[in-house]
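Take a look at the structure set out below.
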Number of protein chains: 2
Amino acid sequence: VHERPLLAVTMGDINGIGPEIIAKALARPELFDLCTPVVLGSIDALDAARAFAKPFPPAVAVTGADRLQDNTRVQVIGTGAPVPAPRPGMVTGEAGRCAVEWLRAAVRMTLDGETDAVVTCPISKSGIQMAGFRYAGHTEIIAEMTGEPDLRMCLFSDRMRIVHVTAHCSLREVPDRITPARVERSIVVGHDILARLGLSQRRIAVAGLNPHSSEEGLFGNEEAELIVPAVAACKARGIDCEGPFPPDTVFRRMVAGAFDLVVAMYHDQGHIPFKLIDMDDGVQATMGIPIIRTSVDHGTAYDIAGRGVANEGSLFAAMALAARLARGGQS
Amino acid sequence: VHERPLLAVTMGDINGIGPEIIAKALARPELFDLCTPVVLGSIDALDAARAFAKPFPPAVAVTGADRLQDNTRVQVIGTGAPVPAPRPGMVTGEAGRCAVEWLRAAVRMTLDGETDAVVTCPISKSGIQMAGFRYAGHTEIIAEMTGEPDLRMCLFSDRMRIVHVTAHCSLREVPDRITPARVERSIVVGHDILARLGLSQRRIAVAGLNPHSSEEGLFGNEEAELIVPAVAACKARGIDCEGPFPPDTVFRRMVAGAFDLVVAMYHDQGHIPFKLIDMDDGVQATMGIPIIRTSVDHGTAYDIAGRGVANEGSLFAAMALAARLARGGQS
């Protein structure tokens, strides 16, 4: 890890708000106290988007990864392949192809240790599929490149930290995807996150699956059979964790300060409370993989692309979080 | 409906915070502008709990239902059966028996038109089962007495109104319990609620079941097969409803003012956002039955019973809502 962590920031879909939010985030000088950003994307698109932001520091195209730690300028790395001019709001295969290439380059650089973390701007699933890829999104590409399919989708804000045991599957599939091993690994990932954040308190609450955590088996047996054993196993490993707790109050209790992180059983169990109160500066992260990867918590926003009204808050927070996770608790 | 709606307020479990929150709610004079409360419970317990509240107006025990509309005193109706002295924090079968008797009397009076709505304080499931009843809670008793098993659990606050398609079942059972007919009835119940509240705008959003509302079938087919037809049927009936919407942003949009009510597919989908931001003055209601019934949104709170620290906010809000629903949109 570099003294100021080096972040490989992908531009995502060039026709979305990626170029604009990168330009706006780079215009906030405090960013450079936290990290050294390196942009994987189009320098032309970045320069164009700087019409919406103070153009400082200057961007410079580089091809190699030499001397990346340089905060007097923003280094932009392409992939050598042609890059189309941005067509804000359009879904195109060319934009999809570039988005995948930039992501792959960022992951590769980070796996190789040239950069310390990957921070991603939104891509279009339709766009990458028009380009001939079968991926549903970033996560599958990252899983493929890191060789780790059992990764964890996490959400972060000032008040909430959430690790999901399951994520993008139908609600019907959720109960069968939950196993004691998956819950246990989720708790361990959560514990590692809190350690990486440098928190001295690492109180983890595990949510139940069913209403009222099943009320002792009245509405399901997954708590007793799948969650309780995982919590016990983690406690035996010395992790400060409790649960399962009723899902409809455990997030409130975290916000009130009773817990530092909640392990959620399924996508909406974690996403509903998070997006309700912390959407604007929320960050997603993929954990349980060999690299650190954070992401904005919004989509391409085609409807406002190219208009200068996009909010860079989530990207800034994603970069700050990536840098903090990369430092691994060392201030 | 009486000019000031007459509310049958049940004391619930005498060893919980029911007596205290009733005493505190009755001490708020503005309550009597909204309704005439009639307490189904123990006058001794109420008088004792008034140590924690201004004892006005005086309570008087009555046996019949004559001249209930009298705001110079609070009428307390028992059931003739013996009532134990409160033992705060204890779970007892005697308290459970009384709680069931008071609830039954309140429902019967309301079905008979003597009172306009039922407002319930918390009961203990263990207590009523110790008394020999097999009910899991209020709802089953009300379903039995009203002959309507297909009722709807609803949540209300200033910012949120939620109707649940399913409620107390395991998450695993949820997908199979959702049918177009049940969704359609839930939307209709929601529409009736908004009409009863006297709202001119009655914009209903229907949540999806799966993450991202399944993204066109990528994570489940319930949206297309079960929810879309129900929304279409309700639109054809002239109801202002839309959906299915992604569950993780639809509640945020309601809070921001885009919708007046959300139809939620399962218990925690609605309860997680509601309890996160509106637990303290939230109200539950049972709709789709021949009577109006609202309830506090908390339990017996045995841990603080008898100490004078309970908050009557939810009960006050439950009474205000019951009165407003009883008036049915007439100011």
Side-chain angles (χ1 to χ4, degrees), chain A residues 125-126 136-137 153 155 159-160 164 166-176 178 207-223 246-256 264-280 282 297-299, chain B residues 125-126 136-137 153 155 159-160 164 166-176 178 207-223 246-256 264-280 282 297-299:
Chain A
K125 183 166 67 183
S126 304
M153 181 186 213
L155 296 173
R159 299 180 285 188
M160 305 181 89
H164 293 82
T166 68
H168 287 117
C169 67
S170 70
L171 194 78
R172 187 184 291 277
E173 292 173 89
V174 166
D176 289 331
I178 295 174
L209 174 69
N210 296 299
H212 309 181
S213 274
S214 87
E215 282 196 30
E216 309 289 331
L218 199 62
F219 318 121
N221 53 15
E222 291 86 357
E223 281 78 10
D248 62 356
T249 46
V250 70
F251 298 96
R252 177 185 177 88
R253 294 175 68 187
M254 171 165 58
V255 170
M265 292 296 132
Y266 55 94
H267 181 280
D268 283 342
Q269 192 183 64
H271 278 62
I272 288 175
F274 189 82
K275 294 213 169 186
L276 182 62
I277 63 172
D278 283 330
M279 193 160 93
D280 292 329
D297 188 33
H298 55 71
Chain B
K125 184 166 66 182
S126 304
M153 181 185 213
L155 297 172
R159 299 180 287 188
M160 305 181 89
H164 293 82
T166 67
H168 288 117
C169 67
S170 70
L171 194 78
R172 187 184 289 278
E173 292 173 89
V174 166
D176 290 331
I178 295 173
L209 174 69
N210 296 298
H212 310 180
S213 274
S214 87
E215 282 197 29
E216 309 289 332
L218 199 61
F219 317 121
N221 53 16
E222 290 86 356
E223 281 78 10
D248 62 357
T249 46
V250 70
F251 298 96
R252 178 186 178 88
R253 295 175 69 187
M254 171 165 59
V255 170
M265 292 296 132
Y266 55 93
H267 181 279
D268 284 342
Q269 192 183 64
H271 278 62
I272 287 175
F274 189 82
K275 294 213 168 185
L276 183 61
I277 62 173
D278 282 330
M279 193 160 94
D280 293 329
D297 188 33
H298 55 70

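Numbered from 1 within each chain, the chains take letters A, B, ... in sequence-line order.
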Is chain B contacted by the side chain of [X], its backbone, both, or neither, given a heavy-atom distance below 4.5 Å?
{"X": "A:Gln269", "answer": "both"}
{"X": "A:Ala256", "answer": "neither"}
{"X": "A:Phe274", "answer": "neither"}
{"X": "A:Ser214", "answer": "neither"}
{"X": "A:Met279", "answer": "both"}

Practice prompt. Drop me the distance from A:Ser170's OG to B:Leu218's CG, to the nearest 0.5 angstrom.
Written response: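 A:Ser170 OG to B:Leu218 CG: 10.5 Å, rounded to 0.5 Å.
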Discussion item. Parallel, tilted or perpendicular, judged at 30° and 60°: which one describes the rings of B:His168 and A:Phe219?
Written reply: parallel
Worksheet entry | Name of the residue among B:Asp176, B:Asn210, B:Asn221 meeting side-chain hydrogen bond (donor to acceptor under 3.5 Å, both in side chains) with A:Arg172 |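 Exactly one candidate clears the test, B:Asp176.
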List the atom of [X], the atom of [Y], and the distance in Å for their closest heavy-atom pair.
{"X": "B:Leu171", "Y": "A:Val174", "result": "CD2-CG1, 4.2 Å"}
{"X": "A:Leu276", "Y": "B:Pro273", "result": "CD2-O, 3.5 Å"}
{"X": "B:Asp268", "Y": "A:Asp248", "result": "OD1-CB, 3.8 Å"}

Worksheet item: With a 4.5 Å heavy-atom cut-off, do B:Arg252 and A:Ile277 have their side chains touching?
Response: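 No - every pair of side-chain heavy atoms lies 4.5 Å or more apart.
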Worksheet item: Looking at B:Ala136, B:Cys169, B:Gly220, B:Ala167, which one has more heavy-atom pairs under 4.5 Å with chain A than the rest?
Response: B:Cys169
Worksheet entry | Pairs of heavy atoms under 4.5 Å with chain A: top-ranked of B:Lys275, B:His271, B:Arg253 | B:Lys275
